[in-house]
A.B. asks: 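Shown below is the structure under consideration.
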Amino acid sequence: MGYRVTLIPGDGIGPEVTEAARRVGEATGVSLEWDVVDAGERAIARDRTPLPPSVLDSIRRNRVALKGPITTPIGGGFRSVNVTLRQELDLFASVRPARAIAGEGTRYPETDLIVVREATEGLYSGVEHWVDRAHTAAETVNVITRFASDRIVRFAFELARRQKRSHVTAVHKANIMKTTGALFQGVFREISALYPDIRSDERLIDNMCMQLVKKPDEYDVIVTTNLMGDILSDLCAGLAGGLGVAPGALFGEQLAVFEPVHGSAPKYAGQDRADPVAEILSLELLLRHLGEAEAAERVYRAVWETIAEKKVVTYDLALPGYTDRPVPPSRCSEMAAEISRKVPLIDLEKPRPRWRPAS
Ligand code: NAD
């Protein structure tokens, strides 16, 4: 059976890393028919808007999309395409797994966490204004609703159950934010009582940052609000090996968009240097969503083997901090070719590779 999937190449390194993922997708043998649409800078140049309606239509039609990163101007310019996309399509759950691969590039080689972030409201609601004409004061409204909090907390517990994970931690700042924080906390307490099989607890955001850096292995699934989740998922990406290897997914009731945690890394745009792994692992999550578990597993293991071998890896994975055996960096396209070459050769009869300490 063929699948029609929306593909948004995006800005900066986006076209290179999405092309890499497309190539790996082909190697799986799954029939993926790409409906390529532009958002971001290319769309502005052609349609004078960063998010043409045709992009939303394509995702609504196909129900699944693979997306590259999109640049957002800082402190002015157009509204974030990423935030608008999530709100327009009601992609309320941002799921960002932080999995260390082959023990490389991390002080925590066994990291295996998932950040579940509410993606439609909170401090990213877009409700903000200058208080005075001189622009000496400004306000951003933190919109938290019972509906969205209930939906994201249930999503986190259901995901934990599906993936046989045993522990969900809510992260908030209810001691200071006594309305918004307390509402999210209260909903978490109500919903967690419905899942007695899963351990639940809470952490204040500041403490959580410290806890994660000291002992990430004590956490499993983390559920939180929009801005806190955005920050925590980058922190967790760092624990697992960096932005170059951190995939992500956005889920609505009917639609799903897969995209890496990283941004458009403009300084590497067009140089064929960026690490394609985060986008390739986003494709892995997409394949799992489509029910193509075997193809997804091949992609995951091909990435693992490529990183473990340290022969064909991009600059970020070749640096001394990443590996104790630095190697000359390969190009983005070379790494994609190596992963694609490995995909059909993976022996799924063998147990999934696990990192083990050197004896
Ligand atoms: P960034 O993720 O683009 O870059 C942060 C650092 O990580 C840079 O040093 C970059 O070179 C490096 N990096 C990122 N991805 C890499 C990869 N695949 N391989 C190797 N190195 C990589 O974050 P930023 O610089 O804060 O943001 C740049 C732009 O991206 C901004 O306009 C921002 O708004 C946008 N952004 C978009 C998304 C998205 O589309 N979902 C997410 C985050 C940031």
Side-chain angles (χ1 to χ4, degrees), residues 7-21 24 37-44 50-51 55 59 65-87 89 91 93-96 101 104-105 115 117 119-120 124 126 226-227 229-238 240-250 256-283 285 303 306-307 312-319 321-322 329-336 339:
L7 179 72
I8 307 171
D11 296 324
I13 59 171
E16 298 155 57
V17 294
T18 51
E19 183 51 36
V24 173
V37 288
D38 280 330
E41 287 164 352
R42 290 205 231 179
I44 296 176
L51 188 57
V55 174
I59 300 173
L66 181 69
K67 175 182 166 294
I70 294 178
T71 299
T72 305
I74 295 176
F78 60 83
R79 187 151 184 252
S80 163
V81 170
N82 301 306
V83 172
T84 311
L85 193 74
R86 291 164 198 167
Q87 289 174 348
L89 298 176
L91 296 165
S94 167
V95 176
R96 293 178 162 181
I101 301 172
E104 296 292 336
V115 178
R117 156 192 173 197
T120 58
Y124 288 6
N226 209 339
L227 173 64
D230 197 3
I231 297 167
L232 274 187
S233 54
D234 265 41
L235 188 157
C236 290
L243 283 174
V245 297
L250 291 155
V257 174
F258 297 82
E259 62 170 1
V261 174
H262 67 69
S264 54
K267 69 181 175 196
Y268 294 124
Q271 296 178 29
D272 199 15
R273 285 191 71 198
D275 187 342
V277 165
E279 190 78 52
I280 291 170
L281 291 178
S282 301
L283 172 82
L285 301 180
V303 166
T306 305
I307 292 180
V312 187
V313 288
T314 45
Y315 82 93
D316 55 322
L317 310 180
L319 292 171
Y322 210 94
S330 305
R331 302 198 162 278
C332 171
S333 54
E334 289 168 336
M335 193 171 181
I339 294 168

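Just so you know, these numbers use all the heavy atoms, side chains as well, and skip hydrogens, waters and symmetry mates. We count ligands from 1, going down the list as the structure has it; atoms in each ligand are counted the same way.
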A.B. asks: How far is atom 32 (O) of ligand 1 from its nearest protein heavy atom, and which residue and atom name does that atom have?
C.D. replies: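 Its nearest protein heavy-atom neighbour is Thr72 N, 2.8 Å.
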A.B. asks: How far is atom 19 (N) of ligand 1 from its nearest protein heavy atom, and which residue and atom name does that atom have?
C.D. replies: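 Protein heavy atom with the smallest distance to atom 19 (N) of ligand 1: Asp275 N, 2.9 Å.
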A.B. asks: Under 4.0 Å from atom 27 (O) of ligand 1, is there at least one protein heavy atom?
C.D. replies: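 Not a single protein heavy atom is under 4.0 Å away.
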A.B. asks: Please determine if Arg331 and Glu19 form a salt bridge, counting it only when a charged side-chain N lies under 4.0 Å from a carboxylate O.
C.D. replies: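 Salt bridge between Arg331 and Glu19, a charged N being under 4.0 Å from a carboxylate O: no.
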A.B. asks: Which atoms of ligand 1 have any heavy atom of Thr71 under 4.0 Å away?
C.D. replies: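 So the atoms of ligand 1 that pass are 32 (O).
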A.B. asks: Could you tell me whether Asp316 and ligand 1 have an N or O pair separated by under 3.5 Å?
C.D. replies: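 Between Asp316 and ligand 1 (N or O atoms, distance only) the closest approach is not under 3.5 Å.
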A.B. asks: Can you report which non-hydrogen protein atom sits closest to atom 37 (C) of ligand 1, along with the distance?
C.D. replies: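 Ranked first by proximity to atom 37 (C) of ligand 1 is Ile70 O, 3.2 Å.
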A.B. asks: Determine, counting only non-hydrogen atoms of the protein, whether one lies under 4.0 angstrom from atom 2 (O) of ligand 1.
C.D. replies: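 Yes, there is a protein heavy atom closer to it than 4.0 Å.
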A.B. asks: Please write down residue, atom name and distance for the protein heavy atom closest to atom 6 (C) of ligand 1.
C.D. replies: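 Residue, atom and distance for the closest contact: Leu243 CD1, 4.3 Å.
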A.B. asks: Could you tell me, atom by atom, which parts of ligand 1 come under 4.0 Å of a heavy atom of Ala265?
C.D. replies: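 Counting from 1, the qualifying ligand atoms are 3 (O), 10 (C), 11 (O), 14 (C).
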A.B. asks: List ligand 1 atoms under 4.0 Å from Lys67, heavy atoms only on the residue side.
C.D. replies: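 Going through ligand 1 atom by atom, the ones under 4.0 Å from Lys67 are 39 (C), 40 (O), 41 (N).
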A.B. asks: With Arg117, which of Leu250, Asn226, Leu232 fulfils side-chain contact (heavy atoms from CB on, under 4.5 Å)?
C.D. replies: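 Among Leu250, Asn226, Leu232, the one meeting side-chain contact (heavy atoms from CB on, under 4.5 Å) with Arg117 is Asn226.
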A.B. asks: Under 4.5 Å between any side-chain heavy atoms of Ile13 and His262, yes or no?
C.D. replies: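 A side-chain contact under 4.5 Å exists here.
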A.B. asks: Under 3.5 Å, is there a donor on one side chain and an acceptor on the other for Asp275 and Tyr315?
C.D. replies: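 Result is no, nothing qualifies.
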A.B. asks: Mind checking whether Glu259 contacts ligand 1 via backbone (N, CA, C, O), side chain (CB onward), both or neither, at a 4.0 Å heavy-atom cut-off?
C.D. replies: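 Contact part for Glu259 vs ligand 1: side chain (C-beta onward).
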A.B. asks: When you measure from atom 21 (N) of ligand 1 to the protein, is at least one non-hydrogen atom found at a distance under 4.0 Å?
C.D. replies: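 Yes, because at least one protein heavy atom sits under 4.0 Å from atom 21 (N) of ligand 1.
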A.B. asks: I need the nearest protein heavy-atom contact for atom 44 (C) of ligand 1: residue, atom name and distance, please.
C.D. replies: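 Going atom by atom, the protein heavy atom closest to atom 44 (C) of ligand 1 ends up being Gly263 CA, 3.3 Å.
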A.B. asks: Which residue owns the protein heavy atom closest to atom 14 (C) of ligand 1, what's the atom, and how far is it?
C.D. replies: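 In this structure, atom 14 (C) of ligand 1 has His262 CB, 3.7 Å as its nearest protein heavy atom.
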A.B. asks: Return the residue, atom name and 0.1 Å-rounded distance of the protein heavy atom closest to atom 39 (C) of ligand 1.
C.D. replies: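 Residue, atom and distance for the closest contact: Asn82 ND2, 3.3 Å.
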A.B. asks: For atom 11 (O) of ligand 1, which protein heavy atom lies nearest, and how many Å away is it?
C.D. replies: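 Of every protein heavy atom, Tyr268 CE1, 3.1 Å lies nearest to atom 11 (O) of ligand 1.
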